[in-house]
Amino acid sequence: MKIVVLTGAGISAESGIPTFRGSDGLWEGHRVEEVATPSAFQKNPELVHQFYNARRRHLLQKEIRPNAAHLALAEYEAEHDDEFLLITQNIDPLHLLAGSKNVLAMHGQLMEARCIETGKVIPWKQDLTIHTPDPDLPTRIGRLRPNVVWFGEMPLRMHEIQQAAQNADLFVAIGTSAVVYPAAGIVEETPATCQRVEINLEETPQSDAFTQTIRGPASIEVPKFLNRLQR
């Protein structure tokens with residue numbers, strides 16, 4: 001069986017990672033245009049760095065750990081021979097920390113930095129500033145940015161995601177709001193024969209596209225669903 005899983009902010013919220021995007025449209029008191037776009041980085045890179053430095057430090061707190069949903073997905077992948085692709089919209093490392101192997105982070109990873117000149121990606125846990133040198137070339141200063149996809153940028157590996165969706169036998173969306181595209185449209189790429197399952201706290205704009213909807217916390221409902229799947 002070919003299984004494609006898509007996870008969103010809801011799965012990580014249970015591990016203590018706030019979604020940051022409030023009902024007022026602000027992230028941590030900032031408009032998205034101020035901290036999460038390429039033009040924002042060009043205009044005020046220090047502010048953008050400060051915003052993501054705070055998020056990175058939060059991820060590094062010892063209490064931020066994978067929850068039962070992350071662990072159940074990793075366990076299922078490890079114990080079954082199914083083709084298993086885990087696509088995540090989240091920029092945290094919790095799926096990797098849980099032990100998932102075939103993870104496609106379509107919005108990048110905050111624990112990585114990327115050189116805006118060469119495109120080189122490196123692991124990164126420290127703060128970034130406009131004065132941060134490239135560790136491989138210290139004379140290059142301030143050319144590193146968080147390796148995350150900003151609004152106005154194309155998510156990563158979309159062709160790979162589309163192909164996986166088109167060949168899926170089972171598609172499971174977990175903790176996604178289904179309002180951010182192109183992630184929200186992945187379910188529509190799956191074939192008519194695909195079983196589509198949505199696990200979320202509440203209904204989403206794409207709920208009608210799924211053959212089964214499960215309401216409840218991911219940490220409870222994901223392990224239960226995967227246990228039933230193994231029978």
Side-chain angles (χ1 to χ4, degrees), residues 1-21 52 55-114 121-125 146-149 155-158 160-165 168 170-178 180 182-184 186-187 190 196-201 204 214 216-227 229-230:
M1 182 162 60
K2 297 178 180 178
I3 301 174
V4 177
V5 176
L6 172 68
T7 65
I11 193 171
S12 292
E14 293 188 65
S15 289
I17 300 177
T19 59
F20 289 92
R21 188 81 176 269
Y52 284 98
R55 298 187 72 180
R56 191 183 300 105
R57 288 189 217 113
H58 183 72
L59 294 183
L60 289 168
Q61 294 177 10
K62 61 182 180 181
E63 61 267 24
I64 303 298
R65 303 296 303 165
N67 62 53
H70 296 102
L71 296 171
L73 288 165
E75 183 179 341
Y76 186 93
E77 179 187 10
E79 294 181 354
H80 294 79
D81 294 328
D82 301 309
E83 289 188 29
F84 190 97
L85 175 62
L86 200 166
I87 304 164
T88 185
Q89 297 172 264
N90 302 331
I91 59 175
D92 63 66
L94 294 182
H95 283 301
L96 297 173
L97 291 174
S100 290
K101 302 299 182 185
N102 197 16
V103 179
L104 193 163
M106 64 184 297
H107 292 156
Q109 282 282 349
L110 187 52
M111 292 301 175
E112 294 174 343
R114 183 168 86 240
V121 175
I122 55 177
W124 198 269
K125 292 185 178 181
N147 187 34
V148 299
V149 174
L156 307 176
R157 298 164 65 182
M158 282 306 301
E160 198 175 329
I161 290 171
Q162 185 179 41
Q163 282 196 319
L170 170 64
F171 175 73
V172 187
I174 303 167
T176 63
S177 63
V180 178
I186 295 175
V187 63
T190 59
R196 308 178 189 101
V197 180
E198 181 185 61
I199 302 175
N200 205 44
L201 284 173
T204 73
I214 300 171
S219 60
I220 294 174
E221 299 301 336
V222 171
K224 285 166 57 177
F225 172 76
L226 293 176
N227 284 333
L229 196 62
Q230 296 180 72

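No experiment lies behind these values; they were computed from the predicted model shown.
Put simply, NE2 on His58 and CD on Gln61 are 5.5 Å apart, with the number rounded to the nearest 0.5 Å. Atom-to-atom distance recorded for Glu14:CD and His70:NE2 is 9.0 Å, nearest 0.5 angstrom.
At least one side-chain heavy atom of Leu229 sits less than 4.5 Å from a side-chain heavy atom of Leu170. Contact annotation: the side chain of Ile214 approaches that of Val197 to within less than 4.5 Å [non-hydrogen atoms, C-beta and beyond]. In this structure, Leu85 and Val5 have side chains that are not in contact, with every pair of non-hydrogen atoms separated by 4.5 Å or more. A 4.5 Å side-chain heavy-atom check between Pro182 and Pro155 finds at least one atom pair inside the cut-off. In this structure, Leu86 and Asn102 have side chains that are not in contact, with every pair of non-hydrogen atoms separated by 4.5 Å or more. No side-chain heavy atom of Pro146 sits under 4.5 Å from any side-chain heavy atom of Arg114. Using a 4.5 Å heavy-atom threshold, the side chains of His107 and Leu156 count as separate. Considering only heavy atoms from C-beta on, Met111 stays 4.5 Å or farther from Ile91 through its side chain.
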Stepwise side-chain contact (heavy atoms from CB on, under 4.5 Å) check, Leu59 with Ile17
CA-CA 7 Å; Leu59 294 183; Ile17 300 177; 3.4 Å; yes
Could you go through the side chain to side chain donor-acceptor pair (under 3.5 Å) check for Ser219 and Asn67 one step at a time?
CA-CA 6 Å; Ser219 60; Asn67 62 53; 5.4 Å; no
Assess the residue pair Thr88 and Leu104 against the criterion (side-chain contact (heavy atoms from CB on, under 4.5 Å)); give the C-alpha distance rounded to whole Å, side-chain angles, the decisive distance to 0.1 Å, and a yes or no.
CA-CA 6 Å; Thr88 185; Leu104 193 163; over 6 Å; no
Would you check, one step at a time, whether the test side chain to side chain donor-acceptor pair (under 3.5 Å) holds for Gln89 with Thr176?
CA-CA 8 Å; Gln89 297 172 264; Thr176 63; 4.9 Å; no
Can you check side-chain contact (heavy atoms from CB on, under 4.5 Å) on Leu73 and Ile11, steps first, answer last?
CA-CA 11 Å; Leu73 288 165; Ile11 193 171; 4.0 Å; yes
Audit row: Thr204, Glu198, side-chain contact (heavy atoms from CB on, under 4.5 Å) steps and yes/no:
CA-CA 9 Å; Thr204 73; Glu198 181 185 61; 2.6 Å; yes
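Here the closest non-hydrogen pair linking Lys101 and Glu77 is N-OE1, 3.0 Å. Summarising the geometry of Pro223 relative to Ala218, their closest heavy-atom pair is CD-O, 3.5 Å, with the distance given to 0.1 Å. Nearest heavy atom pair, residue Gly99 against residue Ala74, reads C-CB, 3.7 Å. Leu6 and Ala183 get closest at one heavy-atom pair: CD2-O, 3.7 Å. Of all non-hydrogen atoms in Gly175 and Asn200, the two that sit nearest each other are CA-OD1, 3.2 Å. Between Ile64 and Ser15, the shortest heavy-atom distance links the atoms CD1-O, 3.4 Å.
Ring planes of Phe84 and Tyr76: tilted class, angle from 30 to 60°.
Shown here are the side-chain contact (heavy atoms from CB on, under 4.5 Å) partners of Arg65, two or more places apart in sequence or in another chain: Leu97.
Under the 3.5 Å distance criterion, with hydrogens and angles disregarded, a donor-acceptor pair is assigned to the side chains of Asn90 and Ser12. With hydrogens and angles left out, the side-chain atoms of His95 and Thr7 include a donor and acceptor closer than 3.5 Å.
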